[in-house]
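The next block holds one structure in the form of structure tokens; read it before the comments.
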Amino acid sequence: MFRPRECRLAASRGLAGRGVGTDNGGMDVATEVLDLTVNGEQRRFAAPLTVAGLVSALALDLRKVAVELNREIVPRSTYGQVWLARGDSLEIVHFIGGG
Amino acid sequence: MDSLPLQDDAWRVAGRSFASRLVVGTGKYKDLATTAAAIEASGAEMVTVAVRRVNLSDPKAPMLQDYVSPSRYTYLPNTAGCFTAEDAVRTLRLAREAGGWNLVKLEVLGPAPTLYPDMPATFEAAAALIKDGFEVMVYCSDDPIAAKRLEEMGCVAIMPLGAPIGSGLGVQNPLMIQMIVEQASVPVLVDAGVGTATDAAFAMELGCDAVLVNSAIAHADDPVLMARAMKAGVEAGRLAFRAGRMPRRAAANPSSPTNGLIR
């Protein structure tokens, strides 16, 4: 049920040590752009980016939202380990008034 | 009133106990402060909520949870706006992740102007949700056969409409609501159609376990006052049901003794 994310988690091990904002002339992966679709809108972010990083970059409260990545639920406990890739499509929802 | 044992008259759904037999919706209010005040006045412990995309252009906009605390009220996420089983399951999976609970309100509606429950789609979605571990309170038609089938599938509460959503017309088919109540071994709630406090009281007098109200409170001139009226209506109806009403008679019967009159 969760296969794509497992691959992503494995890949994250390599990225984890890389850090953000390196000083090697802007050629590092850290400065690559990441085009995502978030709630139907095209948005551009700096890679690498986790789901937790995305929620934070959007100034949303982690505790009040739920995230779906390419139509699959992202468990809250994994937000910090799920890395986003170019072209990913996300839905970020919350509770609103309803009957 | 206060000396009556309302506190000992809790109802239970999916292993949870609720003293209040009024469940309220959180939609259609003019602002979140009014929502919070009306819910407080209603005495409700369970509130329905919808799941929607966050507004990316205004991430700091006030959120429902800031006004109606999920630690104080049991959130009952709904599937409003879902027209297929797939949409309903997807929406409630997100709700489960956002809230961390399994108790949900399933509603799959047909098109306007009736917005009547789409029962084939409701059955399909109920089966999928139950399989996925949800505890499903289901909005449905006032059809005793359909209601029984939903119960047998494993739905934890049956919620037939009293009248079309948002119509405020009251319970249009009391006979069928009563039949659904009498055959059910899970809670039955009238959901949709309540317009004012008498409608809520009437639904409770029919033996419903609880009533779900949104528009009648949110669209009243004074939502907070109407919320309080609904609380009183539900309590009055429940007490009357427990008390057992007098038989109906086709002829008058004097209330005062007919003997001992002065001559």
Side-chain angles (χ1 to χ4, degrees), chain A residues 1-6 8-9 33-46 49-82 84 87-99, chain B residues 23-32 34-36 39 47-68 70 75-81 86 90-100 105 107 139 165-166 191-192 212-218:
Chain A
M1 176 182 164
F2 217 63
R3 248 167 276 125
R5 298 284 75 72
E6 283 161 17
R8 208 63 70 70
L9 284 165
V33 296
L34 189 59
D35 288 310
L36 305 172
T37 304
V38 185
N39 288 357
E41 294 178 23
Q42 299 301 315
R43 292 280 185 128
R44 179 163 287 183
F45 299 87
L49 189 68
T50 62
V51 170
L54 173 68
V55 172
S56 168
L58 292 169
L60 296 167
D61 188 337
L62 270 174
R63 296 162 302 170
K64 293 176 185 168
V65 299
V67 180
E68 195 186 62
L69 172 55
N70 301 330
R71 297 180 76 93
E72 237 185 302
I73 295 283
V74 184
R76 192 183 299 257
S77 58
T78 68
Y79 285 2
Q81 293 103 58
V82 177
L84 298 171
D88 276 345
S89 179
L90 297 107
E91 293 286 341
I92 306 178
V93 303
H94 66 146
F95 291 121
I96 65 156
Chain B
V23 178
V24 295
T26 56
K28 298 182 172 178
Y29 286 93
K30 70 175 161 92
D31 54 45
L32 287 167
T34 309
T35 312
I39 290 169
V47 300
T48 59
V49 296
V51 178
R52 292 291 182 274
R53 285 172 165 173
V54 296
N55 183 354
L56 296 179
S57 58
D58 190 8
K60 292 301 172 201
M63 286 192 178
L64 181 68
Q65 289 173 76
D66 301 328
Y67 287 80
V68 181
Y75 270 25
L76 187 64
N78 70 22
T79 57
E86 189 193 352
R90 202 177 154 203
T91 296
L92 291 180
R93 279 184 179 159
L94 279 163
R96 178 163 59 187
E97 195 55 38
K105 172 184 168 179
E107 54 176 304
Y139 176 62
I165 291 174
D191 178 359
L212 203 162
V213 181
N214 189 347
S215 305
I217 297 174

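The figures that follow rest on heavy atoms only: side chains count, while hydrogens, waters and symmetry mates do not. A quick note: this is a predicted structure, and the numbers were derived from the prediction, not measured. To find a chain, count down the sequence lines: A is the first, B the second, and so on, and within it residues start at 1.
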**Request:** Considering only heavy atoms and a distance below 4.5 Å, find which of B:Val68, B:Leu64, B:Thr35 pairs most often with chain A.
**Result:** B:Leu64
**Complete:** So CG of A:Asp61 and NZ of B:Lys60: to nearest 0.5 Å the spacing works out to 7.0 Å
**Request:** Start with the C-alpha distance between A:Arg71 and B:Glu86, add both sets of side-chain angles, then the distance that settles salt bridge (Lys or Arg N to Asp or Glu O under 4.0 Å), and finish with yes or no.
**Result:** CA-CA 11 Å; A:Arg71 297 180 76 93; B:Glu86 189 193 352; 3.2 Å; yes
**Asked** Once you round to the nearest 0.5 Å, how far does OG of B:Ser57 lie from CG of A:Asn39?
**Response** 10.5 Å
**Request:** Return the minimal non-hydrogen interatomic distance between B:Thr48 and A:Gly99, and the atom names on each side.
**Result:** OG1-C, 3.1 Å
**Message:** Less than 4.5 Å to any heavy atom of chain A: does that hold for the side chain of B:Tyr75, its backbone, both, or neither?
**Reply:** side chain
**Message:** Under a 4.0 Å threshold between the charged nitrogen and the carboxylate oxygen, would A:Glu68 count as salt-bridged to B:Arg93?
**Reply:** no
**Prompt:** With a 4.5 Å heavy-atom cut-off, do A:Ile96 and B:Met63 have their side chains touching?
**Reply:** no
**Message:** Counting heavy-atom pairs closer than 4.5 Å to chain A, which one of B:Asn214, B:Leu76, B:Leu94 comes out on top?
**Reply:** B:Leu94
**Prompt:** What are the two closest heavy atoms between B:Val54 and A:Val93, and how far apart are they?
**Reply:** CG1-C, 3.9 Å
**Message:** Using every non-hydrogen atom in the two residues, find where B:Glu97 and A:Ala66 come nearest and quote the distance to one decimal.
**Reply:** CB-CB, 4.1 Å
**Message:** Is A:Val67 in contact with chain B via its backbone, its side chain, both, or neither, using a 4.5 Å heavy-atom distance?
**Reply:** backbone
**Fill in**
Smallest heavy-atom separation, A:Val38 atom then B:Leu56 atom, equals O-CD1, 3.5 Å
**Request:** Using a strict cut-off of less than 4.0 Å between a Lys/Arg side-chain nitrogen and an Asp/Glu carboxylate oxygen, indicate whether A:Glu72 and B:Arg90 qualify as a salt bridge.
**Result:** no
**Fill in**
In terms of heavy-atom pairs under 4.5 Å with chain A, the winner among B:Ser215, B:Pro77, B:Ala95 is B:Ala95
**Asked** Heavy-atom distance under 4.5 Å to chain A: side chain of B:Asp191, backbone, both or neither?
**Response** neither
**Prompt:** What part of B:Lys105 is in contact with chain A, defined as an atom under 4.5 angstrom from a non-hydrogen atom: side chain, backbone, both or neither?
**Reply:** side chain
**Spacing of CG belonging to A:Leu60 relative to CG belonging to B:Asn55, to within rounding of 0.5 Å** = 9.5 Å
